[in-house]
Structure formats: C-alpha cells, structure tokens
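Values below: all heavy atoms of this structure, side chains included; hydrogens, waters and symmetry mates excluded. Just so we're on the same page: letters track the sequence lines, and every chain starts at 1.
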Amino acid sequence: MLGIRGLLGAVADTMTCPLRPDDYWAIINPLWSRRELSGRVAKIIPETSDTSTVVVRPGRGWRGGLAGQHVSVGVSIECVWHRRTFSLSSPPGRPDGLIALTVKARPDGLVSRHIVHGLRPGQILRLGHPSGRFVLPDAPPARLLFVTAGSGITPVMSMLRHLAEGGAMPDVFLAHSARNASEVIFGAELRRMAARFPTMSLYEHHTRPTDGRPVARLTMAGLSAICTDLPERLAWVCGPRGMIDDAESYWRESGIGDRLVTERFHPVTFPGGQGGRVRFARSSRETTVSGDTSLLIAGEDAGVIMPSGCRMGVCHSCLAPLVRGQVRNLRTGEEHGIPGDLIPTCVSAPARDVDIDL
Amino acid sequence: MAASTHLSAGDIEELGEELDRLRAEVLASRGEDDARYIRRVIAAQRGLEAGGRLVMLASLLPPAWLAGTAMLTLAKILENMEIGHNVLHGQWDWMRDPQIHSTTWEWDSASPAAQWKYSHNYVHHTYTNVLGRDRDLGYSMLRVTPEQPWHPIYLAQPLYNLALAVVFEWGIALYDVEIEKAWRREKDLGETLNHLGSALMKVFRQGRKDYVVFPLLAGPAFLPVLLGNLTANISRNIWAHTIIFCGHFPGGTRTFTEEEIEGESRAEWYLRQLLGSANINGPAVLHLLSGNLSHQIEHHLFPDLPSNRYAQIAPQVRDLCERFGLPYTTGSLPRQTANVWRRILRLALPGATRPTAGETSSEPVTST
Ligand SMILES: Cc1cc2nc3c(=O)[nH]c(=O)nc-3n(C[C@H](O)[C@H](O)[C@H](O)COP(=O)(O)OP(=O)(O)OC[C@H]3O[C@@H](n4cnc5c(N)ncnc54)[C@H](O)[C@@H]3O)c2cc1C
Ligand code: FES
C-alpha cells in the first residue's frame with residue numbers, strides 16, 4: 001500500500017520533476033534535505049593541542065547507528081568538497097539529537113587540519129550513514145579489553161559513553177597510548193570514568209612523558225603482563241598500523257584470533273602496480289595515474305562524482321562495476337579483471353588501462 | 001591545417017598561448033565568489049519558480065496570472081540558460097558538489113541531459129561551424145550558410161524557423177536523437193529508438209507537470225494555469241532560440257570545411273572558435289538571462305570556465321583580437337537578431353556567395 005504519505009510524496013515528485021522536492025527544501029535549509037544528508041556544526045571543543053571534537057546537528061533523514069561506527073563526512077574547503085571517514089565519539093541516541101566527531105589534525109592532512117583549525121560553528125558538513133563492524137555485541141560480554149592509541153580512542157569513547165549511560169559498567173580494561181598525559185584525548189573524562197566505576201581499569205601508556213625519559217611503544221606482550229587476564233577478554237583495538245599489526249599477530253598466535261576486533265584508520269597497502277589510463281565511462285572522464293593511486297582518488301581528482309564511505313576497503317560504499325581492464329587490489333596486491341566485477345575503488349589501482357562504469 | 005586567415009603559424013601558436021594563459025588565470029582564481037554566485041542563482045531560480053507557481057494558483061485574477069506567468073518564464077529561462085546549460089558543461093564540477101555537477105544534473109528541458117551533453121558538448125563544441133560535422137549548423141533543417149546546397153524545401157525555411165522557435169525545446173530533444181543519422185544508417189536503430197524512448201519519457205514527465213498536475217492543483221483556475229505554463233514554456237523556447245541563433249549565425253561568423261580542420265592544433269581550434277562565434281552586447285541582465293551565451297566567443301573558447309567569468313575576460317579576449325587583427329563579432333540583440341533573420345530569408349533562395357551580400361557586420365574591434 002502506498003499510503004497517504006507515499007501518495008503525497010509521489011505527487012510532489014511529479015511537481016518538481018526533474019528535481020526532487022528536497023532540492024527546494026535544501027535551498028531554505030540544507031538540513032531539510034534527505035537526498036543529501038547534511039549536518040550543521042553546533043560547537044567545536046578543543047581536546048588536545050592537535051585534536052578537536054566537532055559537535056554536529058544532523059539533518060532530517062539521519063538514522064543513527066551503533067557505538068563504535070563511523071560516518072563518511074564531506075567538508076567544503078575553499079568551496080571544493082572533500083570526503084573522509086570519521087568515527088563517532090558520541091554515544092548513539094543522545095537526548096539532544098547531536099552527534100560528535102573527534103578529529104586529530106595530521107601534520108600534512110588536508111581535511112583533518114581544516115576540521116581542527118578552520119571549521120566554525122554554523123558551517124555545513126555532508127554526512128553519510130553510520131556503518132562499520134567495530135561495535136559491541138548485542139549482549140556485551142562480561143569482560144572487555146580496549147587497546148587504543150592517539151585518535152584511535154574515538155570509536156572506543158563512543159562505546160564507553162554508551163556503556164556508562166546505563167549507570168553500570170561491565171568489567172572493562174582500557175589501555176591507551178599517547179605521548180604524555182596532556183595528549184590523551186578525552187583524558188579528563190576517562191580518568192573521571194575510571195574513578196566513578198570500580199569495574200573500569202584505565203592504563204595510560206605515555207611514550208614521551210613530560211618528566212622522564214622516552215618509553216618504548218605499547219606492545220601486546222607488554223600489555224599481557226599488566227592486564228593478566230587478557231586472553232579471557234573480548235578485545236577491541238584501534239590505533240596506528242604498528243599497533244594493529246602487533247595485536248593481530250599476538251591474538252592469532254595465542255590461538256584466540258576470534259576474540260579480537262580491530263579498526264584501521266588507514267589501509268595497509270601493497271603498492272607496486274604499473275598504473276595506466278583510467279576511463280570513467282558514464283562521466284566521460286579520463287585520467288592517467290600511477291600504480292599506487294586508488295581509482296577513488298583518481299576519479300575525484302578527475303572531477304568524477306565518486307561514491308565513497310570508509311575509503312579503506314571495508315564498507316563497500318564505493319563499489320563500481322569494471323567495464324574492462326585489469327585492477328590491482330592495494331590491500332592484497334592481487335590483480336584481477338573480469339568485466340562486470342564490482343571493484344572497491346578506494347583500494348583498487350589500475351594494473352594497466354581500465355574502464356570503470358561510473 | 002588552420003582556417004585561412006592572414007595569420008602565420010607562429011602567430012596562431014602565440015594566440016593559443018595567450019588564451020591558454022588567460023584560461024589558467026581563471027582556473028587558478030576560482031573560489032568562494034564563484035561558488036556563491038552559482039548557489040545564489042540556483043536559489044533565486046528555485047524561489048522564482050515556486051513563487052510563480054504559487055501566485056498562479058490565484059490566476060482567476062488577471063494580475064496574478066500575469067505576475068505568475070512572468071515569474072515562471074524568468075525561472076524557466078534561468079534554469080535552462082544560466083544554470084542547466086552551464087552546469088551540464090561542467091563549469092561547476094570543480095566544486096565536487098554532487099548537487100551541482102555535470103554528471104548528476106538533469107534539467108527542465110525536453111532533451112535528456114545525457115543526450116544533450118553528447119550532441120552539444122561533444123559534437124557542437126568540438127566541430128563548431130564545420131560543414132558536415134557540426135549538426136548545430138542549421139540543425140539539419142535550415143540553410144544558414146551559402147556552402148549548403150540549395151533545395152526547394154528551403155523556400156519555406158523562414159516559416160519553419162518561426163515554428164522551430166515556438167517548439168524549440170522539443171525540436172532540440174528530437175534533434176538530439178539524431179533520427180536522420182539512423183535513417184542514413186550511420187547510427188544503430190536500436191540505440192536511436194532507446195534515445196527516442198528516453199526523450200519521449202522526459203517530454204511526458206515535463207508535460208505532466210506543466211499541463212496536468214499544476215492545473216489540477218489550481219482547481220477552478222485549471223485553464224488559466226495551463227495557459228500560463230504554456231506561455232512560460234513557449235516564451236522560454238523563443239528566447240532560447242533567439243539567443244542561440246545569435247551565437248553562430250549572424251553575419252561575420254565563419255564556417256569551415258572538413259579539410260580545414262584536418263590535423264588542427266589546439267591553437268587552431270581556438271582560432272576557429274573565435275571566427276565562428278558572435279557575442280551580443282547589452283546590460284548585465286541580458287548576460288544573466290542568456291546564460292552568458294551573450295559571451296558566445298568567450299564561451300566557445302573556454303566552454304568549461306564558470307559563466308560568471310566570461311564578462312570579466314571579455315575585454316582581454318577583445319584586446320587579443322585587436323592585437324592579432326581578428327574580428328570580434330558583436331552587436332546588440334535586436335541588431336544580431338535582424339541579422340540572423342536576414343540571412344535565413346536570403347538563404348531560403350538559391351545562390352548567395354560567401355560572405356552573403358550586406359552581411360559583413362563584424363564590428364571593428366575598437367568599438368564598444
Ligand atoms: C574507519 C575510519 C575511521 C576513522 N576515524 C577517525 C577519527 O575518528 N578521527 C580521526 O582523526 N581520523 C579518523 N580516520 C582517519 C581519517 O579518515 C583521515 O584519513 C585522516 O583524518 C587524514 O585525512 P586528511 O585529509 O587530513 O589527510 P590526507 O591529506 O588525506 O593525507 C595526508 C597524508 O597522511 C597520510 N595519512 C592519512 N591518514 C592517515 C592515517 N590514519 N594513518 C597514517 N597515515 C595517514 C596520507 O597517506 C597522506 O600521505 C578514520 C579513518 C577510517 C578509515
Ligand atoms: S569506501 Fe568503503 S570500501 Fe571503499
């Protein structure tokens with residue numbers, strides 16, 4: 001049954017054709033468009049010297065998500081839109097309807113630096129819907145372990161806030177690595193939380209303490225001496241590549257690989273393909289790129305509207321059919337090229353000349 | 001090979017470099033002001049359209065009918081000319097905004113965007129004014145240059161050109177299907193039927209909106225609203241036809257042969273665009289309502305630069321023309337329109353040589 005709303009919607013569509021009613025609403029307020037989900041920056045909260053939390057009011061059509069998930073965020077920098085993925089640091093379903101992203105400015109990062117240093121309240125961001133499998137199971141396990149470093153705390157913060165909302169924290173061990181105490185993102189809140197819930201243990205690992213000599217990186221072997229029941233805990237790890245590689249091999253070698261969930265902010269890539277000409281059939285655009293440039297970046301730079309989400313090969317938002325040619329998966333180094341194959345453009349580079357149906 | 005002029009190969013290369021430099025300057029300075037411009041035009045257009053349709057609901061009162069129809073006509077003109085045409089050229093693709101992008105845009109015109117982009121952006125802008133290649137040269141039905149062999153059917157061209165003006169958007173939609181090419185077996189029949197199908201679908205949707213849904217919504221004002229919408233569509237058609245015909249057909253514009261463009265360099269392509277296009281001078285509002293096709297010369301040199309920049313670079317293009325002794329064809333709208341019609345009337349009859357008598361009207365470049 002179409003229903004009265006559906007019927008009205010269909011009539012409205014015929015009235016605005018070839019546009020959609022939302023294209024008119026968006027002129028008055030971008031947040032009213034369901035077609036292009038947007039959010040308005042409500043507040044920017046500095047966290048550390050290079051990290052800020054952006055509190056956003058999402059527009060109509062925001063569906064919410066689970067603690068630990070990430071969203072694709074579009075930011076206009078000098079009037080050019082750029083997309084990157086950020087984890088939500090807020091718990092799902094805040095009563096005020098706001099969401100929060102926490103972004104660390106990378107030294108030469110285009111988008112992260114703009115968000116931390118250039119974004120102002122009132123500005124509009126474009127949003128995707130939350131996705132990702134770095135989440136808690138429906139029934140949280142009795143004992144949990146979180147291992148994070150730097151901005152890797154963001155998705156975990158969302159989970160911890162979500163757990164704390166219930167008023168009772170399960171048995172949680174959080175190990176977080178940062179340069180020093182003042183560089184710990186959400187440091188004050190985490191310490192307060194650990195003081196409030198006796199079931200929560202917080203271990204801060206400072207590699208460059210303000211008083212004292214540099215300390216070695218946090219390793220899983222080292223951690224197992226501090227968190228002695230580590231193998232019995234269900235673990236979530238999010239941090240730089242070295243930390244995740246270490247965790248994955250540690251858990252695998254301990255034969256408990258199925259008790260570990262990881263989230264990478266940056267794909268592990270195997271560059272080395274030849275590269276070639278990339279033709280975007282539907283947009284009639286063409287460009288030639290090296291063997292370590294993803295089709296996603298190649299397309300964006302050539303002015304093609306490329307769908308994207310996580311930009312690291314996990315969410316499948318960027319899939320597009322291969323028309324012809326050979327592509328190289330940047331995560332596995334594997335080459336393949338069956339016409340019609342759905343290619344994740346964010347982690348595929350041209351092995352030779354390729355045509356993509358975009 | 002280049003179109004024949006007094007310029008040496010070296011001169012032409014130099015002209016090309018100057019134009020490339022001009023283009024690079026604009027590319028480097030695109031930014032906030034340009035983005036704000038297109039967003040404001042789009043907002044104004046949507047506001048005018050919604051407002052016009054709203055006012056027209058009261059069109060049992062003649063002033064409301066008049067105001068509503070005028071607003072809707074303006075909105076439709078802006079939508080086709082300054083917004084649709086230019087967005088579909090990719091002039092705003094640099095903003096990477098999926099909402100204002102040549103690959104996602106669809107316009108309120110009978111021709112589906114994809115077909116129009118092929119026949120206009122590719123065929124017309126690449127082979128501008130080349131006999132046998134540029135189908136826009138007379139739109140496969142008019143004799144607009146003496147090199148086209150005469151046929152008795154052209155005796156009627158003044159009449160059917162008038163008719164074309166009235167039904168312009170539908171004419172263009174049909175023309176973009178390239179039925180005559182399928183007839184000559186140059187285009188696959190199945191593909192042609194597909195194109196025809198999507199054009200008819202578009203015509204149906206546009207017609208349903210203007211001639212069924214909105215009139216029905218107006219209840220007792222069914223008929224006035226239908227007539228208002230029809231008036232707006234026809235006025236927009238006549239306006240678009242007028243502006244577009246002033247772009248390449250007034251006296252002073254040149255046509256070329258296929259031999260002339262063989263192995264053409266980028267600089268030579270620039271030269272052909274310069275020689276084959278004509279501007280219209282007038283106030284800023286004329287530029288806006290013509291989608292800046294009043295700067296046809298600048299548009300043909302740089303089809304993908306934002307339209308709001310054409311006025312800004314026009315003096316520099318004109319200076320270049322002066323420096324290289326090239327014509328810069330321009331005139332007021334009434335003058336250029338009269339010029340086009342004189343040509344259409346003259347070429348309805350057999351004969352006529354190039355340039356058609358009494359039509360060498362490219363202005364000396366120093367005049368303003
Ligand atoms: C699922 C997921 C969740 C994410 N969540 C967050 C988050 O909550 N907070 C946050 O600050 N960031 C997060 N990121 C990272 C974010 O998406 C961007 O990659 C990061 O902000 C850098 O973007 P940029 O435009 O500033 O850098 P760019 O200009 O794109 O890159 C600059 C340079 O840094 C390198 N680089 C970029 N990102 C990384 C990285 N993460 N590690 C190592 N090198 C890198 C690039 O290869 C390049 O050489 C997440 C990424 C993913 C995939
Ligand atoms: S963007 Fe997520 S898989 Fe490519």
If you round to the nearest 0.5 Å, how far is SG of A:C17 from CZ of B:R208?
6.5 Å

Between B:R205 and A:D13, does at least one N-O distance fall below 4.0 Å, as a salt bridge requires?
no

Who in residues 107-124 of chain B is close to chain A, using a strict under-4.5 Å heavy-atom cut-off?
B:W107, B:D108

Could you have a look at B:T104, B:I42, B:T103 and say which one has the most heavy-atom pairs with chain A under 4.5 angstrom?
B:T103

What heavy-atom pair brings B:K209 and A:P18 nearest, and what distance separates the two atoms?
NZ-CD, 4.2 Å

Could you please spell out the steps behind the side-chain contact (heavy atoms from CB on, under 4.5 Å) verdict for B:R96 and A:E300?
CA-CA 8 Å; B:R96 290 201 201 165; A:E300 287 180 340; 3.9 Å; yes

Heavy-atom closest pair, residues B:H101 and A:R285
CE1-NH1, 4.4 Å

Hey, mind stepping through B:M95 and A:E78 against side-chain contact (heavy atoms from CB on, under 4.5 Å) and telling me if it holds?
CA-CA 9 Å; B:M95 302 192 298; A:E78 289 174 4; over 6 Å; no

Looking only at A:S76, A:C79, A:G74, most heavy-atom pairs under 4.5 Å shared with chain B are made by A:C79

Residues of residues 19-34 of chain A within contact distance of chain B, non-hydrogen under 4.5 Å:
A:L19, A:D23, A:Y24, A:I27

Among residues at least two apart in sequence or on other chains, which ones pass side chain to side chain donor-acceptor pair (under 3.5 Å) with A:R328?
none

Heaviest contributor of heavy-atom pairs below 4.5 Å to chain B, chosen from A:H82, A:R282, A:R83, is A:H82

Heavy-atom closest pair (A:I305 atom, B:D97 atom, distance to 0.1 Å) is CD1-C, 4.1 Å

Proximal to chain A - members of residues 26-36 of chain B, heavy-atom separation under 4.5 Å
B:G31, B:E32, B:A35

Give, as side chain, backbone, both or neither, the part of B:R46 having an atom under 4.5 angstrom from any heavy atom of chain A.
both

B:K181 atom NZ: more than 12 heavy-atom contacts under 6.0 Å
yes

